[in-house]
Chemist: 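Dropping the structure in here first, questions after.
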There are 2 protein chains.
Amino acid sequence: MRVTIKDVAQAANVSVSTVSRVLSNKENFFASKTADHVRKVAADLGYQRNAYAADLASHQSDVLAVVISATKSNFADEIIAGIHDVATKNGNSVMILYAGENNPTLQDKAIKTVIERDVMGVLIVALELGDESLSSLKTSGIPHIFLSTAAKENLGPFIASDDHAIGYEATKYLIEHGHHKIGLVGMDEQSFVGTQRMTGYREAMAEYGLAVNEDWLVPGYFTFEDGETAMAHFGKQPEVTAIIANSDLTAIGVIDQARDYGLEVPAQLSVMSIDGTKLTRIFRPTITSVTQDFFQIGRAGCAALLNDDNEPIQSKFLPIKIVERNSTRQL
Amino acid sequence: MRVTIKDVAQAANVSVSTVSRVLSNKENFFASKTADHVRKVAADLGYQRNAYAADLASHQSDVLAVVISATKSNFADEIIAGIHDVATKNGNSVMILYAGENNPTLQDKAIKTVIERDVMGVLIVALELGDESLSSLKTSGIPHIFLSTAAKENLGPFIASDDHAIGYEATKYLIEHGHHKIGLVGMDEQSFVGTQRMTGYREAMAEYGLAVNEDWLVPGYFTFEDGETAMAHFGKQPEVTAIIANSDLTAIGVIDQARDYGLEVPAQLSVMSIDGTKLTRIFRPTITSVTQDFFQIGRAGCAALLNDDNEPIQSKFLPIKIVERNSTRQL
DNA sequence: TTGTAAGCGTTATCAA
DNA sequence: TTGATAACGCTTACAA
């Protein structure tokens, strides 16, 4: 049996309340002399606090939960790093729960876990929650925020990039570099993210008076394989002169397949990616991208959750930027 | 205030123990009629169980903790997927805790968290724990296992690849393909993993009567940048004809830098990586690798922890294999 | 098959 | 500044 606060109290000849106060650092509620003694005894006995009991009694936990989709994309690490950056400084623990990909069962399970553990807040990363999970999260009253999934108003507060702007800016960039026939690859038409980006794309094309051939839009789910498949769809003599890929990985799929067709990137085809993770810098050619600041998304999300004035959390978009690298060229 | 078991009991006109038994499915200890009623009432009231209270009372949790280094390498995802694969089937929750990189403070914090929460088991992934963390984990009595970090005997049970064999096999493969001057890049000489791989390398070289130039051994920490730096060290006219890189990312760094020097891979330089994650397949040239089965490491580790016969956990190595791709050639 | 009541290891209230 | 003692929400003997 583990050493409890009671054992410590006994050994130190004080009451459990005193031990509790000392060990949880309720300043100004004990003599520093007693404190030293208690702490020593606790250490000697190898006391480890039981967080469950403490949380139960105090009705508060210091745990932040991150629910994350096991996405095939790779930006999650940066978001998590950002979350840790502020959580650590604030003394919070963070636990991460994977929720699979489009897997309602796993999602429900993850959400159930966080509710049952009554964590102090939930960060939902790159995940569009099912109705059931969402509503139980809402009724639980646990503060939560969506990261990197801006969504319809009623979904809840979010911090993300503006996906409409992403689609728009990428397209505009290519148009201004002389491209008129632009493919859009790997978008999930069912998702808010995907539709937003597509709308942005169409808007930019329209703004420049460019017609869109529906054949240029090849759906998918952010994967490498989606890129390959899409490029196969365009074929060895693609009509498009430039392609926007829905993720860095998808862009790589496009480029690899293009290369297999003997097409040079960017000489014969420009490819641009969305995300701008490290992959864009290690791959050759380096990949021009719409870069999102995932680290800051993580930081801001965590900060918003921790911010304890009881105003509701403000949703917001963080800036994106276009980083030119070597996979695109002026036509 | 949340709905508790007590509220349900009251509303359903039964005792709390009955509710408890029904809701935690203690078969054969209640009438199915009562059960249906209780469940309905619970659902109507929106009851959510409090896992802390339950764990506290029952002294057992269904949570597995994964403590993982925020490594710059990228195999962790596969291990985690493997862990989830068996944990999910077994009905366990898994929480992931990041422990930074060579960051004793964060490690201690993570270990402290798992001990305080008295999880049912801990999987330590790609992490060589500091002495303090390790000993508190040991005295806590919580079952734990090291994944992908085979280590000195007294460290604890592990499931991993045999790093000595990795170094040996990679070297042997290159030697048998005609290479006599072989670089070894990105090894952390302080770590067990690194030293094991280096020993394997030396052993293979010796076995074939090949001399080792100490200049061919360039240390590092698995990163892309380590690969670049190491290649810069070898220069535009490298003495070595082949390089073994400590991770896929490191191999990419080597290849990128070689390319910047105008060296063709594999025509002028063969490069082989250790790990064999997806990166080796999406990068061009595809990278010949010593491939580890990370998914199985995750699965086996989780299974070992869950296996409740009270025999101690058996350490073991999982097989590795060499997968030929396009970054190496016969000399 | 169900209920009563004693914990589980803390914190929090109140009195001393 | 400290100590009793009642929670917290659940599980689990033991009794009925």
Side-chain angles (χ1 to χ4, degrees), chain A residues 1-39 41-42 45-63 112-113 115-120 140-141, chain B residues 1-39 41-42 45-63 112-113 115-120 140-141:
Chain A
M1 195 86 299
R2 279 160 64 147
V3 178
T4 75
I5 212 176
K6 225 169 172 172
D7 303 318
V8 177
Q10 213 157 47
N13 243 294
V14 294
S15 72
V16 290
S17 359
T18 300
V19 176
S20 170
R21 281 189 285 252
V22 170
L23 262 27
S24 51
N25 271 307
K26 297 252 168 299
E27 309 276 0
N28 301 56
F29 281 102
F30 51 77
S32 71
K33 202 179 129 188
T34 349
D36 291 347
H37 181 220
V38 168
R39 276 194 265 263
V41 172
L45 260 45
Y47 169 79
Q48 296 275 8
R49 94 190 193 109
N50 180 327
Y52 289 164
D55 290 356
L56 179 59
S58 68
H59 288 290
Q60 49 174 259
S61 137
D62 68 339
V63 176
K112 191 163 172 244
T113 301
I115 295 178
E116 286 190 347
R117 314 236 151 225
D118 202 9
V119 297
M120 74 176 292
S140 79
Chain B
M1 194 87 303
R2 278 159 67 147
V3 178
T4 75
I5 212 178
K6 223 167 169 175
D7 303 319
V8 177
Q10 211 156 50
N13 242 294
V14 294
S15 73
V16 290
S17 23
T18 300
V19 176
S20 170
R21 282 188 283 253
V22 170
L23 261 27
S24 51
N25 270 307
K26 298 252 169 300
E27 308 277 359
N28 301 53
F29 280 101
F30 50 78
S32 72
K33 202 180 130 186
T34 351
D36 292 347
H37 180 220
V38 169
R39 278 194 263 263
V41 172
L45 259 46
Y47 169 79
Q48 296 275 7
R49 98 192 189 109
N50 179 326
Y52 288 164
D55 291 354
L56 180 59
S58 67
H59 287 289
Q60 49 176 260
S61 136
D62 69 339
V63 176
K112 190 161 172 249
T113 301
I115 295 177
E116 286 188 348
R117 306 219 163 242
D118 201 10
V119 297
M120 73 176 293
S140 78

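Source: prediction; values computed, not measured.
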Chemist: How close or far is atom P of D:dT2 from atom CG of A:N13, stated in whole angstroms?
Modeler: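 One finds 13 Å between P of D:dT2 and CG of A:N13, rounded.
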Chemist: Can you tell me how far C1' of C:dG7 sits from OH of A:Y52, to the nearest Å?
Modeler: 19 Å
Chemist: Check the distance between C:dT10's P and B:I115's CD1 and give it to me in whole angstrom.
Modeler: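 For the pair B:I115 CD1 and C:dT10 P, the rounded distance is 14 Å.
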Chemist: Just checking, any donor-acceptor pair under 3.5 angstrom between side chains of A:Y47 and A:R2?
Modeler: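 No, A:R2 and A:Y47 have no side-chain donor paired with an acceptor closer than 3.5 Å.
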Chemist: When every nucleotide of nucleotides 10-16 of chain D is labelled 5' to 3' by its protein contacts under 4.0 Å (heavy atoms), B for base, S for sugar-phosphate only, - for none, what sequence of letters results?
Modeler: BBBB---
Chemist: Any luck finding a side-chain donor-acceptor pair between A:S15 and A:T18 under 3.5 Å?
Modeler: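 Looking only at side-chain atoms, A:T18 and A:S15 do form a donor-acceptor pair, the distance falling under 3.5 Å.
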Chemist: For B:V16 versus B:I5, what's the shortest heavy-atom pair and its separation?
Modeler: O-CD1, 4.0 Å
Chemist: How close or far is atom C1' of C:dT10 from atom CZ of B:R117, stated in whole angstroms?
Modeler: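 Spelled out: CZ on B:R117 to C1' on C:dT10 is 13 Å.
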Chemist: CD/B:Q48 to OG/A:S140 distance, rounded to the nearest 0.5 angstrom?
Modeler: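 Rounded to the nearest 0.5 Å, the CD-OG separation comes to 7.5 Å.
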Chemist: Can you measure from CG (A:L56) to CG (A:N50) and round to the nearest 0.5 angstrom?
Modeler: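 Rounded to the nearest 0.5 Å, the CG-CG separation comes to 9.5 Å.
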Chemist: Could you state the atom-to-atom distance from CG of A:N25 to P of D:dT1 in whole Å?
Modeler: 15 Å
Chemist: Could you tell me which non-hydrogen atom of A:T34 sits nearest to which non-hydrogen atom of A:V14, and how far apart they are?
Modeler: CG2-CG1, 4.1 Å
Chemist: Could you tell me the separation between the NE2 atom of A:H59 and the C1' atom of C:dT13, rounded to a whole number of Å?
Modeler: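 Result: 13 Å.
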Chemist: Would you mind reading off the distance between B:K33 atom NZ and C:dT2 atom C1', rounded to a whole angstrom?
Modeler: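 From B:K33 NZ to C:dT2 C1': 14 Å.
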